Amino acid sequence: MTARLAALDRLDACLPLLPAADENASELHGRARTLSDRLETANLAVHEAIRAEIRSGARPDMLLHWAHALMDRNSARPSGVHHYDSLDELVTGVLGFDEPEDSGIRPEPEKVLYQPTPARLIFNLLEETRLTANDVLVDLGSGMGHVPLLAAICTPAHCIGIEVEQAYIDRARQCAQRLHLRRAHFIRQDARDADCKAGTVFYLYTPFSGSILRRVLDRLRHEASTRTFRVCTYGPCAETVAREPWLKAEQEPQAQRITVFATRAASSTRQSSA
Ligand SMILES: C[S@@+](CC[C@H](N)C(=O)[O-])C[C@H]1O[C@@H](n2cnc3c(N)ncnc32)[C@H](O)[C@@H]1O
């Protein structure tokens with residue numbers, strides 16, 4: 001598949017450059033288009049085979065195989081900070097999502113517009129957190145649900161997405177239903193009102209800022225006065241979360257990476273919030 005994607009990348013780059021008016025070029029254009037269509041059809045067959053494996057409830061070996069192959073291939077290439085790559089194409093294809101569309105949702109102060117976590121970082125998150133059947137992953141501001149969906153496919157954890165926009169919740173639920181994912185649940189709710197009692201790992205890809213983030217962190221801090229859990233971040237919110245005295249980063253917080261924070265002992269949390 002990696003060679004096929006490399007060929008598709010090259011064809012995509014060359015096709016617009018061939019002058020359609022030139023007779024020789026137009027024959028070449030036709031052959032290139034036919035080849036590109038055949039490669040795309042082969043990709044769709046791989047996506048369907050992976051979906052069938054997921055629906056069967058078996059370990060997602062095929063998905064993990066291709067994900068690691070693509071991560072190896074992509075890691076050798078120069079990259080931008082929040083870039084998407086062929087692994088995102090694979091994940092989007094398997095989940096059956098189109099590119100994020102304009103759903104008419106408009107920006108509001110402190111509310112960050114939808115953008116999915118790049119797929120390689122979701123795999124990083126799963127590797128760092130090593131979720132077990134006792135874990136409940138809660139994505140606060142889950143968009144179309146890439147993180148809870150992939151976590152439910154690749155780990156035995158229960159996975160919850162909290163998202164304020166109904167259109168995204170509908171897409172995530174449809175996907176979970178199509179793939180028979182019984183451990184992925186999506187709740188249409190403002191994260192400020194979310195029930196934090198079940199979560200053992202909370203994930204925030206900078207979904208909001210300012211007073212909304214403050215309110216959510218205060219609720220999590222209150223929860224941390226009774227028990228331990230982890231908070232994972234991606235994007236600029238890592239900086240704010242790193243200043244919370246009741247959390248300790250497991251590694252140096254970085255906006256471009258997944259940062260995992262663990263709650264400090266419940267007793268020190270009670271003191272810091274007193
Ligand atoms: C940057 S996207 C992250 C999406 C998803 N977590 C991911 O990583 O793929 C932020 C999401 O948070 C949602 N959001 C913003 N404010 C919210 C709030 N107060 N409660 C719940 N969701 C919210 C947005 O609608 C958007 O879908």
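Small disclaimer: the values here were computed from a predicted structure and weren't measured.
- For L149 against C175, the heavy-atom pair with the smallest separation is CD1-SG, 3.8 Å.
- L125 contributes atom CG, which lies 13.5 Å from atom OH of Y205 (distance to the nearest 0.5 angstrom).
- When all heavy atoms of A152 and R183 are compared, the pair lying nearest together is O-NH2, 3.2 Å.
- Using a 4.5 Å heavy-atom threshold, the side chains of L217 and T240 count as touching.
- Between the NE2 atom of H185 and the NE2 atom of H158 there is a distance of 7.0 Å, given to the nearest 0.5 Å.
- There is a side-chain donor-acceptor pair under 3.5 Å between S86 and N74.
- The side-chain heavy atoms of H47 and E89, taken from C-beta on, include no pair separated by under 4.5 Å.
- T129 and R230 are not linked by any side-chain donor-acceptor pair at a separation below 3.5 angstrom, with hydrogens and angles left out of the test.
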* To do: Evaluate salt bridge (charged side-chain N to carboxylate O under 4.0 Å, His left out) for E223 paired with R219, printing each intermediate quantity in order.
  => CA-CA 6 Å; E223 194 60 29; R219 295 201 57 197; over 6 Å; no
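- The list of salt bridge (charged side-chain N to carboxylate O under 4.0 Å, His left out) pairs with a residue in residues 253-263, not counting sequence neighbours, reads E128-R257.
- Between V260 and V201 there is no side-chain heavy-atom pair separated by less than 4.5 Å.
- With D135 contributing its side chain and L137 its backbone, the two residues share no donor-acceptor pair below 3.5 Å.
- Looking at P207 and V112, their side chains never come closer than 4.5 Å, going by heavy atoms from C-beta outward.
- Considering every non-hydrogen atom in both A224 and W246, the closest pair reads CB-CE3, 3.7 Å.
- Note: the hydrophobic cluster containing V164 does not contain I187 (ILVMFWY, side chain heavy atoms under 4.5 Å, direct or indirect links).
- Here the CD1 atom belonging to I258 is positioned 5.0 Å from the CG atom belonging to L121, to the nearest 0.5 angstrom.
- With I153 as the partner, the side-chain contact (heavy atoms from CB on, under 4.5 Å) test is satisfied by one option alone out of V91, L64, L95: L95.
- For the atom pair CD of E127 and CZ of R130, the computed distance is 6.0 Å after rounding to the nearest 0.5 Å.
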* Go through the steps to decide whether Y84 and Q115 satisfy the test side-chain contact (heavy atoms from CB on, under 4.5 Å), and finish with yes or no. => CA-CA 11 Å; Y84 297 98; Q115 222 186 345; 3.4 Å; yes
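- L213 places none of its side-chain heavy atoms less than 4.5 Å from the side chain of T206.
- Annotation: side chain of I160 is in contact with side chain of V136 (closest heavy-atom distance under 4.5 Å).
- Counting non-hydrogen atoms of other residues, nucleotides and ligands closer than 6.0 Å to CD of Q177 gives a total of 12 or fewer.
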* Chi angles and distances behind the side-chain contact (heavy atoms from CB on, under 4.5 Å) call for D193, I162 -> CA-CA 10 Å; D193 304 325; I162 307 281; over 6 Å; no
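- Among all heavy-atom pairs drawn from T132 and P156, the shortest one is C-CG, 3.8 Å.
- The minimum heavy-atom distance between T259 and P253, with the atom names listed, is OG1-CA, 3.5 Å.
- Distance check: W66 CH2 to R73 CZ gives 11.5 Å after rounding to the nearest 0.5 Å.
- Under a 4.0 Å N-O distance rule, the pair R171/E163 does not qualify as a salt bridge.
- Within a 6.0 Å radius of CZ in R182, other residues, nucleotides and ligands contribute 12 heavy atoms or fewer.
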* **Residues C196, V138; criterion side-chain contact (heavy atoms from CB on, under 4.5 Å); working and verdict** => CA-CA 8 Å; C196 301; V138 182; over 6 Å; no
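- Using a 4.5 Å cut-off on side-chain heavy atoms (C-beta onward), P148 and Y203 make no contact.
- Taking 4.5 Å as the limit, some side-chain heavy atom of F123 sits within range of a side-chain heavy atom of L150.
- The closest side-chain donor-acceptor pair between D170 and Q166 falls under 3.5 angstrom.
- Counting heavy atoms of neighbouring residues, nucleotides and ligands inside a 6.0 Å radius, atom CD of E239 does not exceed 12 of them.
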* To do: Please assess Y234 against N124 for the test side-chain contact (heavy atoms from CB on, under 4.5 Å), listing each intermediate value before the final yes or no.
  => CA-CA 11 Å; Y234 174 50; N124 280 168; over 6 Å; no
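- In terms of heavy atoms, E53 sits closest to R59 at CD-O, 3.5 Å.
- In this structure, OG1 on T263 lies 13.5 Å from CZ on R221, to the nearest 0.5 angstrom.
- The pair E244-R264 does not meet the salt-bridge criterion, since no charged nitrogen lies less than 4.0 angstrom from a carboxylate oxygen.
- Few gaps surround CZ on R214; more than 12 heavy atoms of other groups in view lie less than 6.0 Å from it.
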